[in-house]
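Since the structure comes first, as structure tokens, the remarks are kept for the end.
All values below come from the heavy atoms of this structure, side chains included, with hydrogens, waters and symmetry mates left out.
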4 protein chains.
Amino acid sequence: MDNRSGSRSERRASMMRQQIIQAAAPLFAQKGFHKTTTKDIALAADVSEGSLYNYFKNKEDILLGIIEDVAQEEVEKMRLVESLSEAPSDYLFSRFMHQQEKVARLNPMILAIISELVSNPNVRRRYKSLFLSPIMELLADHLQARIDLGQIQNYPPKYLSRILISLTVGIYFFQMLEDDIVIKEWEEFSRTTVDVLFEGLKAEP
Amino acid sequence: MDNRSGSRSERRASMMRQQIIQAAAPLFAQKGFHKTTTKDIALAADVSEGSLYNYFKNKEDILLGIIEDVAQEEVEKMRLVESLSEAPSDYLFSRFMHQQEKVARLNPMILAIISELVSNPNVRRRYKSLFLSPIMELLADHLQARIDLGQIQNYPPKYLSRILISLTVGIYFFQMLEDDIVIKEWEEFSRTTVDVLFEGLKAEP
Amino acid sequence: MDNRSGSRSERRASMMRQQIIQAAAPLFAQKGFHKTTTKDIALAADVSEGSLYNYFKNKEDILLGIIEDVAQEEVEKMRLVESLSEAPSDYLFSRFMHQQEKVARLNPMILAIISELVSNPNVRRRYKSLFLSPIMELLADHLQARIDLGQIQNYPPKYLSRILISLTVGIYFFQMLEDDIVIKEWEEFSRTTVDVLFEGLKAEP
Amino acid sequence: MDNRSGSRSERRASMMRQQIIQAAAPLFAQKGFHKTTTKDIALAADVSEGSLYNYFKNKEDILLGIIEDVAQEEVEKMRLVESLSEAPSDYLFSRFMHQQEKVARLNPMILAIISELVSNPNVRRRYKSLFLSPIMELLADHLQARIDLGQIQNYPPKYLSRILISLTVGIYFFQMLEDDIVIKEWEEFSRTTVDVLFEGLKAEP
DNA sequence: AATGAATGAGGTTTCATTCAT
DNA sequence: TATGAATGAAACCTCATTCAT
């Protein structure tokens, strides 16, 4: 991960891990974890199949490595969004939505991870601890701050954050299914979502 | 599917398909499609491995068969919810949420399907045409009716239905991850979600 | 085989055997014995797979049945050729060649049989006793008669018959390989063969 | 094939292919292609079943590899026979016959190939292009030379070569059928064949 | 006598992982 | 440390044959 610290050999090893991860991620994203062979990965990473096992315990371990990477990256991005803390809340939600849409579009790896969550407890554990929990915590903190500022109503942040994550997962879901509405009419869909979130569905009296 | 019509042998065949599907579904749900072997399925269905292939073209075809079944079942349930058309809208959304939660709890098969969506175009096609599209259509029709009655605001139903589906997928997602909040505090989470949907997040002026 | 004798049920059985054989032969000819499934045969014969086993011990037995049939038929034809015993010898050889070419063209079953000879001793035995030996005997007798008449030279008929059979097998061989020369220039090829047989290759002094 | 050139690993790979081919050929020859299992081959070649697939795409590819090998070998031998170009023609035909008889006796693989020709177009193509066509070309060239020298009559070589090939195929055929005459009285049979070829059957006037 | 569903042995092939070089 | 050939377990699937109806 961090390839600036440690001895030279440690740095080298870290770079190799990166090289493998960078090669494996798009493969997993395209073909799924199970349909990607170690040979595919070795070829794409330009190393031998045997070498994979010098840097990762096994194929699953590569996926876990990817999760770590993606998690770090995404949590970082989330932190940046959060830093816009003076902006009005609706602008912020809009930012959040667009951020997630971009992720779904550019980082299909996340889908491959989600797809493995179902049947793989290790992946589940790792995903929760490195990815979901940190992000939900950031979200909840942020929402609490907004509540404290009186910008949004006083709902328990732990529920609100889960609602937001659900909307995010929904974006991934529709992207994966190549849903024309969510993809081609993204701007309107996104705006509607933010509006509903802020104004509610209830008809004005 | 329909095992009351057709000749005796057709009925028998239909029952065998059911028997196999009933056996395969929980396996796929627990272990995922790829980690479930045809041997597992045959054992669970109490037939020989060879017999599987008298009723299904191949392993994937069993999954497609399951999708058909689950889809029919769920679309049916959705129709029932919809029939409560005189109830106030918020009650209805509440019903919808609870319905979905029950599904997520009792029908983990859906997750296994979703997990295969990522890497399997056939599954994707079948899921969209038999499951997602019909349900979204029902939802959209229903929402339009509510809009016409002046019960909810005039947002495009095609976007609203996708927001609701996202919330549903979110439920599956958190169920799968064994998220303590969504599972153990389901009542409160559900109520909050419906409230947010109806009233919006925006602080009262 | 003989469906005019025996009790009614025996006649029926004999007809069923014929029906199956008639259906199986072209399949074996096209796809080969191993790539033809009993299901294929049952379908083509318009009987159930199970019924095949009421008339034949197993799949191999169907092939053996076909051999019997084809053998009978071909030996019969050979007898007819032989009956033209007053004709000049070269005309007769020409007839023989054309007869064999027609067989090769219309009865590709023989190739399927030959192809199984290699690996199947039962087929080999049956083919020899019902097909090859009778035909070689007829040939040899005939050749002996010609020799006695002073029409052809006094070579041992047992060798001559084998030379003729070799030429026949060659025809099958080139037909199977879709050899343009033997197929499209059949007339010339055939004439040349007969000429060589009669006149010899040796340059005139 | 050529295991003296290329890098060390290429040489190694080439030797392994040879090892597998050497093991598979007699099996195919004895039991036929279809009744020989990959397990049989692996056992005989003293490698694991999996390893077969490091050197051959699939089982058929092993057969194709064998064809290549046998073809090369036989074409080479044919070239040697041809080089005896000063010998009298009848001696040469005699050599040709004996050469083919030896092949039939020692290289039963050819029969297994022929047996697959019937039902397998790939085998057919490969056999024609690598085996039959080159040999027939050599034969035809040689015969033309003899004609030019005035040693044999002026028949079209393309027909003569096919007659000779037919006689060859006949030898394989009778060897396979364990024909007592051709096998035990080979010398006489062979001499008779050459005599008939040269002198013709026609009774001297 | 006819059926065709059920069987299960066995076939080919794939692939994650190991290990000698 | 890097390699990639070798492995072998195990997966999916086919199909000749049987047998209850």
Side-chain angles (χ1 to χ4, degrees), chain A residues 9 12-13 16 33-43 45-62, chain B residues 8-10 12-13 15-16 19-20 33-42 45-62, chain C residues 8-9 12-13 16 33-43 45-62, chain D residues 8-10 12-13 15-16 19-20 34-42 45-62:
Chain A
S9 81
R12 211 182 121 62
M16 284 296 293
F33 178 71
H34 291 282
K35 291 189 188 151
T36 301
T37 67
T38 51
K39 193 176 186 179
D40 289 339
I41 299 172
L43 230 85
D46 203 36
V47 297
S48 70
E49 256 183 290
S51 287
L52 298 180
Y53 291 83
N54 290 330
Y55 299 99
F56 296 92
K57 225 174 49 239
N58 50 35
K59 190 178 144 189
E60 181 189 292
D61 199 34
I62 298 178
Chain B
R8 180 179 313 178
S9 85
E10 271 166 355
R12 226 190 103 66
M15 280 179 61
M16 282 295 294
Q19 185 177 333
I20 291 166
F33 178 71
H34 291 283
K35 292 192 189 146
T36 302
T37 69
T38 50
K39 191 176 189 176
D40 291 338
I41 298 171
D46 202 35
V47 296
S48 71
E49 250 183 293
S51 286
L52 298 181
Y53 293 84
N54 290 332
Y55 298 97
F56 296 92
K57 238 187 18 256
N58 50 36
K59 192 179 141 189
E60 183 189 289
D61 199 35
I62 299 179
Chain C
R8 180 181 310 180
S9 81
R12 210 183 121 63
M16 284 297 293
F33 178 71
H34 291 283
K35 290 189 190 152
T36 302
T37 67
T38 50
K39 192 176 186 178
D40 290 338
I41 299 172
L43 230 82
D46 203 35
V47 296
S48 72
E49 256 184 289
S51 288
L52 298 181
Y53 291 83
N54 289 330
Y55 299 99
F56 296 92
K57 226 175 45 239
N58 50 33
K59 189 178 145 190
E60 181 188 290
D61 198 34
I62 297 178
Chain D
R8 180 178 313 178
S9 85
E10 271 165 356
R12 225 190 106 65
M15 282 180 59
M16 283 294 295
Q19 184 176 334
I20 291 167
H34 292 283
K35 290 192 191 144
T36 302
T37 68
T38 50
K39 192 177 188 175
D40 291 338
I41 299 171
D46 202 36
V47 296
S48 70
E49 253 183 293
S51 287
L52 299 181
Y53 292 84
N54 290 332
Y55 298 97
F56 297 92
K57 238 186 17 256
N58 49 36
K59 192 179 142 191
E60 182 189 290
D61 198 36
I62 298 179

(request) Identify the nucleotide, in any strand shown, that forms a Watson-Crick or G-U wobble pair with E:dA20, with both distances under 3.5 Å; if there is none, say none. (result) F:dT3
(request) May I ask you to decide if A:Asn58's main-chain N or O and A:Asp61's side chain share a donor-acceptor pair within less than 3.5 Å? (result) no
(message) Whole angstroms only, please: what is the CG-C1' distance between A:Asn54 and E:dT18?
(response) 11 Å
(request) Could you say whether C:Lys39 or D:Asp46 is positioned toward the 5' end of DNA chain F, judged by the nucleotide with the nearest heavy atom to each? (result) D:Asp46
(request) For the side chain of B:Val47, starting at C-beta, report the closest nucleotide among F:dA2, F:dT17, E:dT7. (result) E:dT7
(message) As a test of reading the structure: which of F:dT17, E:dT17, E:dA2 is closest to the side chain of C:Met16, going by heavy atoms?
(response) E:dA2
(message) Please compare D:Gly50 and B:Ser51 by the position of their nearest nucleotide in DNA chain E and report the one closer to 5'.
(response) B:Ser51
(message) Please check: side-chain N/O of C:Glu49 versus main-chain N/O of C:Ala42, any donor-acceptor pairing under 3.5 Å?
(response) no
(message) If I take atom CZ in residue A:Phe56 and atom C1' in nucleotide E:dT17, what distance separates them, rounded to the nearest angstrom?
(response) 16 Å
(message) Taking C:Thr36's backbone N and O only, do any of them form a donor-acceptor pair with C:Lys59's side chain (distance below 3.5 Å, no angle check)?
(response) yes
(message) So which atom in B:Ile41 and which in B:Ile20 form the shortest heavy-atom distance, rounded to 0.1 Å?
(response) CG2-CG2, 4.2 Å
(message) Need one value for A:Thr37: base, sugar-phosphate or nothing, where a base atom within 4.0 Å counts as base even if backbone is also close, heavy atoms only.
(response) sugar-phosphate
(message) Heavy atoms from C-beta onward define the side chain here; which of F:dC13, E:dC15, E:dA5 lies closest to that of B:Arg12?
(response) E:dA5
(request) Grab the CD-P distance between B:Gln19 and E:dA5 for me, whole Å please. (result) 15 Å
(request) For C:His34 and E:dT12, give me the distance from atom NE2 to atom P, rounded to whole Å. (result) 12 Å
(request) Kindly check if the number of other-residue, nucleotide or ligand heavy atoms within 6.0 Å of NZ (C:Lys39) is above 12? (result) no
(message) Would you say B:Tyr53 places a side-chain N or O within less than 4.0 Å of OP1 or OP2 belonging to F:dC13?
(response) yes
(message) From C-beta outward on A:Glu49, which listed nucleotide comes closest to its side chain: E:dA16, F:dC13, E:dT3?
(response) E:dA16
(message) Run the side-chain contact (heavy atoms from CB on, under 4.5 Å) test on C:Tyr55 and C:Ile62 for me, step by step, so that the C-alpha distance in whole Å, both residues' side-chain angles and the decisive distance to 0.1 Å come before the verdict.
(response) CA-CA 9 Å; C:Tyr55 299 99; C:Ile62 297 178; over 6 Å; no
(request) Consider the side chain of A:Lys59, meaning its heavy atoms from C-beta on, and name the nucleotide among E:dT12, E:dA16, F:dC12 that approaches it most closely. (result) E:dA16
(request) Calculate the interatomic distance between B:Ile41 atom CD1 and F:dA11 atom C1'; express it in whole Å. (result) 12 Å
(request) Please state how far atom CD1 in A:Ile62 lies from atom P in E:dA16, giving the value in whole angstrom units. (result) 10 Å
(request) Write down the distance between CG (A:Leu52) and P (E:dC15), rounded to a whole number of angstrom. (result) 15 Å
(request) Round to the nearest Å and state the distance from B:Asp61 atom CG to F:dC12 atom P. (result) 14 Å
(request) Tell me which nucleotide among E:dT18, F:dT3, E:dT7 gets nearest to the side chain of A:Ser48. (result) F:dT3
(request) Could you please name the partner base of E:dA1, counting Watson-Crick and G-U wobble pairs only when both distances are under 3.5 Å? (result) none
(message) If you compare every side-chain N and O of C:Thr38 against the phosphate oxygens of F:dC15 (OP1, OP2), does one of them come in below 4.0 Å?
(response) no
